[in-house]
Amino acid sequence: MEIIVTKNYDEMSQVAADIFRKHLEKQPKTVLGLATGSTPIGMYQKLVEYHKAGLDFSQVTSFNLDEYIGLAGDHPASYRYFMEEQLFGLVNINPENIFIPNGAAEDPEAECRDYEKRLRAAGGIDLQVLGIGTNGHIGFNEPGTPFDTTTHVVELTASTREANARFFDSIDEVPTHAISMGIKSIMKARRIVLLASGENKAEAIAQAVKGPITPGLPASVLQLHPNVQFIIDEAAGRLL
Ligand code: PGA
């Protein structure tokens, strides 16, 4: 595990965007694992700038980590909508190569199995970006999720629903369940970059890096991954 501590959010976003840019320049036909949340927005903005300067996404396939159950892709709080706004609508990725779990699927369990199949058929993820929850979750894999889970239906914890309520009119509108790639699916990515910014992530980062490897702190599993970088700003690295 490599830890890169940056001065602030902007520098974190820059370092991360440069990793993605170099990867795409070297390997234009690639499978990216993408994340939502506030943290990767700066990185996506910089990638959009790189695209305007010529960076090509035409051969990229992407898989997103998760989606709320009950929200269709055109709901402004859905993760598909977020990705369209932040990245997909602004670069030349082929819409046919964009994969996000379908939160409006009639049978979410079948959707999970299909998603895992699509992931396998694409050959797995070459480069995965992750955020981290204040409770150490990755994707929507909340504390207690066994390390061998593949894409699955999760019940969101109260703390995650509260943290995400800012994207909804009220907490009552935050879905109670989501589909998330599992820890095992994430760990299969050939390279992982985890981003964290701000003091409220410091405890989770310290536990993930130095604490015991335990399902109680899902991100701690990354200590077992052979090619992972944490790119965190000083505030998030405060307890290291
Ligand atoms: P955030 O979410 O980037 O909005 O802080 C990260 C996460 O919960 O994984």
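Just so it is clear, the values below take in all heavy atoms, side chains as well, and ignore hydrogens, waters and symmetry mates. Counting starts at 1 for both ligands and their atoms, following the listed order. A quick note: this is a predicted structure, and the numbers were derived from the prediction, not measured.
Taking the six-membered ring for Trp, Y68 and F167 have ring centres at least 6.0 Å apart.
With hydrogens and angles disregarded, no donor-acceptor distance shorter than 3.5 Å links the side chain of K184 to the backbone of F147.
For E116 and S185, the side-chain atoms include at least one donor-acceptor pair closer than 3.5 Å.
In the hydrophobic clustering of this structure, I192 does not group with V15; members are Ile, Leu, Val, Met, Phe, Trp, Tyr whose side-chain heavy atoms approach within less than 4.5 Å, directly or through other members. Linking ILVMFWY residues whenever their side-chain heavy atoms come closer than 4.5 Å, directly or via other members, leaves I179 and Y79 in distinct clusters.
Listed by chain and number, residues touching ligand 1 at under 4.0 Å (heavy atoms only) are G37, S38, T39, G131, I132, G133, H137, R166, K201.
Ring planes of F63 and Y115: perpendicular class, angle over 60° (limits at 30 and 60°).
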